[in-house]
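Single-structure report; data block below.
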Amino acid sequence: MPEAKDILTREQIDAELRELSQWTYQQGGLVTVYKLENGRQALDLIAAVGDIAEEANHHPDLDWRYNRVFLRFSSHDAGGQVTTRDVSAAATVSAVAERLGAVAEPDKYPTRS
């Protein structure tokens, strides 16, 4: 179980999001949607996210819809709260997504009813 200092307050999350413009806070996690040119490129992004997740041992919730990849980071071992690990993973994914030509559409992440 992570130490309490690893869990971020909402104010800390908001401060981090100023630097993570491709992400937003929703449903207790950091979320975004990346749009790519086609399904092949979406799969390339998914593979890159998988590599990042394995290296960090920190895995996002991920959904694929043709040329869009939906991502959500929260720390399951911290009761589903956002931690510094989520911020770090989101920043790394953002850099890779940008390199692959993905367009961030965080407002397209579906809200729960």
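The model shown is predicted, which means the values in this text are computed figures rather than measured ones. The analysis underlying the following values was restricted to heavy atoms, covering all of them including side chains, and did not include hydrogens, waters or symmetry mates.
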Problem set entry | Residues which pass side chain to side chain contact (heavy atoms under 4.5 Å, CB included) with Ala89, listed by chain and number, not counting sequence neighbours | His58, Phe73

Problem set entry | Set of salt bridge (Lys or Arg N to Asp or Glu O under 4.0 Å) partners for Asp14, sequence neighbours left out | Arg10

Problem set entry | Side-chain hydrophobic cluster, 4.5 Å single linkage: members besides Val31 | Val33, Phe70, Tyr109

Problem set entry | Listed partners of Arg40 passing side chain to side chain donor-acceptor pair (under 3.5 Å), at least two apart | Asp44

Exercise. To which residues is Tyr66 joined in a hydrophobic cluster, defined by side-chain heavy-atom contacts under 4.5 Å among Ile, Leu, Val, Met, Phe, Trp and Tyr, whether direct or through other members?
Worked result: none

Exercise. Which residues satisfy the side chain to side chain contact (heavy atoms under 4.5 Å, CB included) test with Gln12, sequence neighbours excluded?
Worked result: Leu8, Thr9

Exercise. Residues two or more places apart in sequence or in another chain: which of them pass side chain to side chain donor-acceptor pair (under 3.5 Å) with Arg99?
Worked result: none

For this session: Taking all heavy atoms of Pro106 and all of Ser21, pick out the closest pair and write down the distance.
Result: CG-O, 4.4 Å

For this session: Quick one: which residue pairs count as a salt bridge (charged side-chain N to carboxylate O under 4.0 Å, His left out) with a foot in residues 64-75, not counting sequence neighbours?
Result: Asp61-Arg72, Asp63-Arg65, Arg68-Glu105

Exercise. Taking only residues two or more places apart in sequence or in another chain, which ones pass side chain to side chain contact (heavy atoms under 4.5 Å, CB included) with Ile52?
Worked result: Thr92, Val93, Val96

Seminar exercise, completed: Residue pairs passing the ring-ring contact (aromatic ring centres under 6.0 Å, His included) test with at least one member in residues 82-102, sequence neighbours excluded, are none

Seminar exercise, completed: Those residues at least two apart in sequence (or on a different chain) that pass side chain to side chain donor-acceptor pair (under 3.5 Å) with Glu16 are none

Seminar exercise, completed: For Glu55, the side chain to side chain donor-acceptor pair (under 3.5 Å) test, sequence neighbours excluded, returns none

